[in-house]
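Below is one structure, written out as structure tokens; the observations come after it.
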Amino acid sequence: MVLHKYGEKLYSGLVTTMTWHLKEIAKSIEAAQGGLFLEELNRKWGDHNKALQMIRDILMYMDRTFVPSNRKTPVHELGLNLWRDNIIHSHKIQTRLLDTLLDLIHRERTGEVINRGLMRNITKMLMDLGSSVYQEDFERPFLEVSASFYSGESQQFIECCDCGDYLKKAERRLNEEMERVSHYLDAKSEAKITSVVEKEMIANHMQRLVHMENSGLVNMLVDDKYEDLSRMYNLFRRVPEGLSTIRDVMTSHLRETGKQLVSDPERLRDPVDFVQRLLDMKDKHDKIISIAFNNDKTFQNALNSSFEYFINLNNRSPEFISLYVDDKLRKGLKGVTEEDVEVVLDKVMMLFRYLQEKDVFEKYYKQHLAKRLLSGKTVSDDAERSMIVKLKTECGYQFTSKLEGMFTDMRTSQDTMQGFYASQYSETGDGPTLAVQVLTTGSWPTQPSAPCNLPAEILGVCEKFRAYYLGTHTGRRLTWQTNMGTADIKATFGKGQKHELNVSTYQMCVLMLFNSADRLSYKEIEQATEIPAADLKRCLQSLACVKGKNVLRKEPMSKDIAEDDAFYFNDKFTSKFIKVKIGTVVAQKESEPEKHETRQRVEEDRKPQIEAAIVRIMKSRRVLDHNSIVTEVTTQLQSRFLPNPVVIKKRIESLIEREFLERDKADRKLYRYLA
């Protein structure tokens with residue numbers, strides 16, 4: 001027929017015959033009742049596909065020659081289009097088909113079991129008819145119905161569930177929808193339907209979920225609910241602004257909790273406990289971030305910035321962190337493995353990084369290290385050195401050079417003492433034995449101490465040492481720091497009881513007076529020893545008022561020392577120990593005046609550093625305006641401390657007076673460098 005030019009007739013005859021045939025089929029599908037409707041549709045679709053293949057094979061010549069040259073639709077495609085127009089788009093079938101499909105999906109969502117194989121065949125048919133048929137006739141209405149279904153369900157859930165349960169339900173629904181797509185929908189629908197569930201079940205309720213009474217994010221953080229937190233993180237990360245919502249709430253919770261911790265007067269009584277709580281809090285949230293939040297860097301940063309914020313709210317943090325290290329290196333790390341020591345020190349370093357005033361920490365660390373070294377109280381030299389190496393890595397050589405100098409002095413002093421006894425030993429005979437630590441003035445945090453009168457027995461040995469030391473070193477001066485030393489003295493009490501007392505140098509000076517007197521008044525002791533009043537009172541308090549250590553008796557008996565008190569040697573003193581250590585009544589934390597004094601020393605030490613930074617900047621820039629100098633100085637010094645803009649201004653004034661800089665003649669805000 002094609003060769004005899006009847007191609008057109010053959011083609012149009014095919015269209016007419018197929019159209020009539022499909023109209024008949026449409027009637028039989030429409031007649032199918034209830035559940036048989038889809039099955040009938042599916043069966044007829046299968047028949048139609050088989051018939052189409054045969055027709056295409058029979059009319060192959062027409063399909064290859066006549067169809068392309070006359071720009072007609074190929075036979076197979078024509079068959080699909082006619083099925084679409086006469087069956088799927090027949091007005092009786094179109095809405096019924098959509099309603100049936102949506103009803104089945106709804107029934108599956110509410111827990112019924114449906115014939116998934118049949119569903120898959122029907123949706124596959126819609127896809128075969130062209131993606132626009134699938135999208136228009138099924139997908140778009142499906143997404144709209146799903147949105148209203150989940151909107152209602154989420155409303156119902158949020159009223160009756162706590163946050164953890166709600167998230168479980170949302171997660172389950174998401175998984176169900178993904179599974180549904182994999183079983184009988186087009187793979188391209190997955191992103192669209194999950195986005196509907198995410199919007200309706202998560203995005204629209206984020207704030208309410210996070211702030212839910214008794215079960216929201218803060219409760220999960222407090223109770224370490226890793227599973228719930230992880231679920232929240234994984235669901236919220238799917239929606240815009242989801243993670244930032246969690247992060248903001250976590251940050252404000254951290255800041256609030258931290259602020260309460262650092263400003264609670266109860267907590268400030270015990271510095272070691274204070275720092276331990278900070279470390280526990282950091283550990284807790286580190287663990288949450290690594291287990292539940294996928295080690296998310298942005299959460300780490302939020303945690304760090306929160307810690308930095310509240311640690312610096314309390315200006316005693318540097319002192320407390322140093323006291324914590326002091327406590328650990330004195331006694332807290334006995335019997336602990338090296339690895340564990342490293343872990344503790346690393347944690348402390350992490351808190352140290354948050355400090356804005358690192359130079360204040362350095363001041364205190366130096367004082368505490370000096371006390372540890374001089375009293376021989378340090379647990380392990382390795383741990384001490386490890387800490388110094390960490391500080392050096394963090395802050396550079398200047399920060400630790402003096403601390404290293406202190407260790408060097410301790411070693412040199414041992415050698416010096418060996419030399420002293422090797423040369424002097426024959427002459428010393430039975431006198432007191434001396435152990436001297438020679439400290440380099442610049443390296444140690446020495447306070448200028450008023451010299452006190454040492455007992456005659458000691459003075460002799462001290463003079464010999466001075467002569468020996470100055471004989472071996474030229475151009476040096478020795479000053480005795482009597483406020484830092486200790487002594488061991490033997491004492492005999494009533495009934496011939498002998499004890500060895502371990503006391504401070506000041507206490508030794510006081511006790512030796514009682515060799516030649518039974519009763520001494522406070523005034524007499526003060527005149528004889530010339531110990532500064534505050535130290536003397538502390539020293540007498542520890543000798544006369546501490547139970548079990550009272551080698552002196554005081555009249556009248558009271559806790560505090562008054563100017564007109566009298567002291568007696570306590571014959572009745574007993575102790576079950578041969579060696580008795582008599583501590584001084586010490587303030588562990590600094591008192592207010594001491595704190596003020598440290599503060600002033602720190603401020604003084606900062607001035608040259610600020611000036612040096614200004615000069616460095618001006619040297620390279622030559623001309624700069626005031627605000628830029630302040631910004632640059634702050635940037636340069638922030639690894640040690642945050643300089644105050646007012647102080648920077650004063651230092652600039654001082655440099656102008658000393659002619660390092662000058663103000664610009666025309667613009668007073670500009671400074672020039674004078675080489």
Problem - Min side-chain heavy-atom separation Leu217-Leu221 under 4.5 Å - result: yes
Handout entry: Identified salt bridge (charged side-chain N to carboxylate O under 4.0 Å, His left out) partner of Glu153 from the options Arg172, Arg109, Arg173, Lys169
Key = Arg173
Handout entry: Proximity of Tyr233 and Phe299 rings by center, below 6.0 Å
Key = yes
Handout entry: Student check: side-chain heavy atoms of Leu279 and Val344 closer than 4.5 Å
Key = no
Practice task
Decide, yes or no, whether a salt bridge links Arg140 with Glu136 under the criterion of side-chain N to carboxylate O below 4.0 Å.
Solution key: yes
Exercise for the section: Apply salt bridge (Lys or Arg N to Asp or Glu O under 4.0 Å) to Arg237 and list each qualifying residue two or more places apart in sequence or on a separate chain. Expected result: none
Handout entry: For the student: nearest non-hydrogen atoms of Leu235 and Leu167, plus distance
Key = CD1-O, 3.5 Å
Fill in the blank from the handout: Quick note, side chain to side chain donor-acceptor pair (under 3.5 Å) partners involving residues 302-313, not counting sequence neighbours, are Asn304-Tyr354
Handout entry: Salt-bridge present (Lys168, Glu171; N to O < 4.0 Å)
Key = no
Handout entry: Shortest non-hydrogen contact between Val222 and Lys284, atoms and distance
Key = O-NZ, 2.8 Å
Handout entry: Asn121 CG to Glu39 CD distance, which is reported to the nearest 0.5 Å
Key = 11.0 Å
Handout entry: Nearest heavy-atom neighbours spanning Ile93 and Ile87
Key = CB-O, 3.4 Å
Handout entry: Tyr166 to Ser154 - nearest heavy-atom pair and separation
Key = OH-CB, 3.2 Å
Practice task
Measure the spacing between CG of Leu97 and CG of Leu102 and express it to the nearest 0.5 Å.
Solution key: 9.0 Å
Problem - Test: Glu394 and Arg353 ion pair at under 4.0 Å - result: yes
Problem - Leu98 versus Asp137, closest heavy-atom pair with distance - result: CD1-O, 3.2 Å
Handout entry: Shortest non-hydrogen separation from Leu104 to Ile114 and the atoms involved
Key = O-CG2, 3.7 Å
Problem - Row check, Phe310 ring normal vs Lys259 NZ/CZ: under 6.0 Å, within 45° - result: no
Practice task
With salt bridge (charged side-chain N to carboxylate O under 4.0 Å, His left out) as the test, would you mind laying out the steps for Glu40 and Lys44 before giving the verdict?
Solution key: CA-CA 6 Å; Glu40 182 67 14; Lys44 295 288 190 236; 3.4 Å; yes
